[in-house]
Number of protein chains: 4
Amino acid sequence: MRILDETKRLVSMASTRQTIGPPPASRRSERARRAILEAADDLLVENGFANLTIEAIAARAGVGKQTIYRWWPSKAAVLMDALGEDLVEHLTPADRDGVEAALREHLGALARFLALSEAGAVYRALVGQAQHDPEMAATFRNEYLQPLRERELAILERGVARGELPTDLDLELALDQLVGPIHHRVLVTGEPAGGEFVDRLVDRFMAGARR
Amino acid sequence: MRILDETKRLVSMASTRQTIGPPPASRRSERARRAILEAADDLLVENGFANLTIEAIAARAGVGKQTIYRWWPSKAAVLMDALGEDLVEHLTPADRDGVEAALREHLGALARFLALSEAGAVYRALVGQAQHDPEMAATFRNEYLQPLRERELAILERGVARGELPTDLDLELALDQLVGPIHHRVLVTGEPAGGEFVDRLVDRFMAGARR
Amino acid sequence: MRILDETKRLVSMASTRQTIGPPPASRRSERARRAILEAADDLLVENGFANLTIEAIAARAGVGKQTIYRWWPSKAAVLMDALGEDLVEHLTPADRDGVEAALREHLGALARFLALSEAGAVYRALVGQAQHDPEMAATFRNEYLQPLRERELAILERGVARGELPTDLDLELALDQLVGPIHHRVLVTGEPAGGEFVDRLVDRFMAGARR
Amino acid sequence: MRILDETKRLVSMASTRQTIGPPPASRRSERARRAILEAADDLLVENGFANLTIEAIAARAGVGKQTIYRWWPSKAAVLMDALGEDLVEHLTPADRDGVEAALREHLGALARFLALSEAGAVYRALVGQAQHDPEMAATFRNEYLQPLRERELAILERGVARGELPTDLDLELALDQLVGPIHHRVLVTGEPAGGEFVDRLVDRFMAGARR
DNA sequence: TCTTAAGCGAGACGGTACGTCCGGTCTTGAA
DNA sequence: TTCAAGACCGGACGTACCGTCTCGCTTAAGA
């Protein structure tokens, strides 16, 4: 977590508050909020998810436990906020070049993000937690995965619009074929998903798409 | 966990004992071992991983906690043993028909296993836990995923041998393209990976493979 | 334990806290403290020391175990606090009459306290525990036995002051001669130490003292 | 524990076996029996009663736990057997000299035994345990304290027979007056009960007895 | 002399309690 | 009101022992 601007703050709060009405937030300590998110981020990277406790976050952040419970419903919610804009920063594909180049760039960035970045460690922890906690899984998908997926679909849509991809292409399926193997390597087999892997993935996809 | 024959027992013990030398195990209570694995399985399905505790397993199995700690190093190790032969039972592709039919059948079974079966719930919990615990992840991959992957590679190898797939096909990549999207749907997006999805996945794969 | 006034509370806290500096204690729950001491007292009388566990005390008191461990270093320390003022209540000799009457009264009260009262059961358990735990023994002697002994010595000193006892009397030895046999009967031989026994003890003591 | 002859062995077994019929005992391993008693004795002196466990005794003695449970009903019973003849060895007053000398000698031996000897440590542990376990207390008194007390009474009886003590002396009370203060110092106050203390105790007793 | 049944070392078993950690709630006093 | 601090009740953790139970083995008795 590196940049936490006001926009993001309002978004994240809206999604993680349990009560309906928005919190007053006027009184909320910005200092405490940032310290908590940074402490969570740091502790996850240093000690792993298993040793990430609310008490440790509070202690590291120099904050009372209640201040965490007041604003986030769970440890996972803190991490989601800590992940924050990182998904947007790392994974917003540029609208240039052709589909093929755009896919190579974006999927390469995705693979690097997932496997190498600190934010990727947070992401993996959240996916792991989502396997144990259906409610948290729903929030994570709606707030973080869905927007990303829409940006990814836009790459393909632009390809169709430019005539680089057939109009009858099943975009959802196509995206799963591109993005699925990368996730599979990172989350399941643990094998490296480097540039060469991504390149051949795109090669085969484009060959199949062009028929 | 449904069948716990002697073969499985010896396999699982070899994998979960921390010391190198094989345990005497002659003294080990088979009754307790089965009760523990069944209790873990049942409790996971009933209450989810988050509420699965060693204490609850012991209580449900009518067993002392020490009996669990004596033979398994962690909750995840118990679940791995509980998963046991299920991966083999559900996911051993038959050696018949052509590649295409074999893939349809196996990937369909995989999708159903992951999303619908009780053993699939154990599998998902283990993948989730693996995101938080690198050591456990390594064991899980070596003991459970690797054998499965080899059986899957054999499908493709048979296809190559029969001339149904090109000889220069990158089998690892091909497998990731087939298996990755299914895992992605189940573990990440949570969208259904039904028969139609699998069929179109195979359609596009075979189209691309045949050029 | 019947009365737990503020004085006793401050005394007991001072003696059972392991760190030097006084605890803030302002945050401490008086309700929990009293419930714990009463539960310990009751359980000792009902089940005996052997069956007195921290867990049972916590359960009976409706308190978390940690609340006990936070304020007392051991089961024996809880019992010492539960004994508390009882030693003062039962065993503070009045400053009236002559030595002989005072001794008869006080030693009778001592024998009844040790053998018959509920607080006496706590006292015996603590003496028993002191045989196994030298550190606890030291605390018990300093905090509880020493003040009592001083009150007992005062009886004899008053006797000397009034000319009822010789000035060259070894008061420590004299006290051991009076108090030792009673303890011996209660703690070692288990024989009754009734009024007649105490009376003859005093008879012989006074006869010897007057030469 | 130093000498464990056959007489003692039969006595101790008779008193500690829970079942009515005597055990065959012919099969009993003398090696194991001695190793257990020595291990118990050593561990008590080294680690104190609190850390004396059946498992530790068995491990130290190189013996299975069952071998202990087969022959003794409790840890205290093992210790009683380990104490064994020591009471007789240390505390059998000789039948010579006058009462006064005999008392000085015996009470001095008693004080040294209680406070200084290894067997005294066992004795104190047993008295401590007796405060928590009435059944064990009864056995201890019957088997060990009563015979000692009778030997002690014999000293006084000889004094009466020789005309050194008045015939109307209450021997039980007299004995408590002599032996009680020593126990009190060792078990309760923890103050030293050295030779001078014993001497003055006897002085005062003889003065009172002669009137 | 040869069973054969016991005692034996070993240690797994079902349990109970230990003392610790942390979750999530509540309370206090300062800002 | 929020905040830092931290006590509170609850509950799971992983460990230590309890007392019981089997397992092979050794070993002394009597058939």
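All heavy atoms count here, side chains included; hydrogens, waters and symmetry mates do not. Lettering of chains follows the sequences in order, A, B, ..., and the numbering in each one begins at 1.
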Query raised in the report: Taking atom CD of B:E46 as the centre, does the number of heavy atoms from other residues, nucleotides or ligands within less than 6.0 Å exceed 12?
Result: yes
**Report entry** N or O in side chain of B:R31 less than 4.0 angstrom from F:dT22 OP1/OP2
**Finding:** no
Query raised in the report: With respect to the phosphate group of E:dA5, does any side-chain polar atom (N or O) of D:R27 fall under 4.0 Å of OP1 or OP2?
Result: no
Query raised in the report: Ignoring hydrogens and geometry, is there a side-chain-to-backbone donor-acceptor pair from B:H132 to A:G48 under 3.5 Å?
Result: no
Query raised in the report: Between F:dA7 atom P and C:E30 atom CD, what is the distance in whole Å?
Result: 16 Å
Query raised in the report: At their closest point, which heavy atom of D:A40 faces which heavy atom of D:L52, and how far apart are they?
Result: O-CD1, 3.9 Å
**Report entry** Protein-nucleotide distance (D:I36, atom CD1; E:dG9, atom P), rounded to Å
**Finding:** 7 Å
Report task. To the nearest Å, give me how far apart CZ (B:R70) and P (E:dG11) are. Result -> 11 Å
Query - Minimum heavy-atom distance D:M136-D:L126, with the two atoms named - result: CE-O, 3.4 Å
**Report entry** Short side-chain N/O contact to F:dA7 OP1/OP2 from C:S29, under 4.0 Å
**Finding:** no
Query raised in the report: Which listed nucleotide (F:dC8, F:dT27, E:dG9) is nearest to the side chain of D:A32?
Result: E:dG9
Report summary line: Shortest non-hydrogen pair, D:V63 vs D:A32, comes out as CG2-CB, 4.0 Å
Report summary line: Among the nucleotides E:dC13, F:dC18, F:dC3, whichever has the atom closest to the side chain of D:Y69 is F:dC18
Query raised in the report: Checking C:R33 against C:W71: charged group under 6.0 Å from the ring centre and within 45 degrees of the axis?
Result: no
Report task. Specify the separation, in whole Å, of atom CD1 of D:I68 and atom C1' of E:dA10. Result -> 13 Å
Query - Members of residues 44-64 of chain C that approach DNA chain F, where some heavy atom sits under 4.0 Å away - result: C:G62, C:V63, C:G64
Requested in this report: Please report, rounded to the nearest Å, how far the P atom of F:dC17 is from the CG atom of D:L43.
Outcome: 11 Å
Query raised in the report: Is there a side-chain contact between A:F49 and A:L79, using heavy atoms and a 4.5 Å cut-off?
Result: yes
Requested in this report: Look at the side chain of C:Q66 against the base of E:dC21 and say whether a donor-acceptor pair falls under 3.5 Å; ignore hydrogens and angles.
Outcome: yes
Query raised in the report: Think A:W71 has a side-chain N or O under 4.0 angstrom from the OP1 or OP2 of F:dT1?
Result: no
**Report entry** Pair of N/O donor and acceptor under 3.5 Å linking F:dG14 base with B:K65 side chain
**Finding:** yes
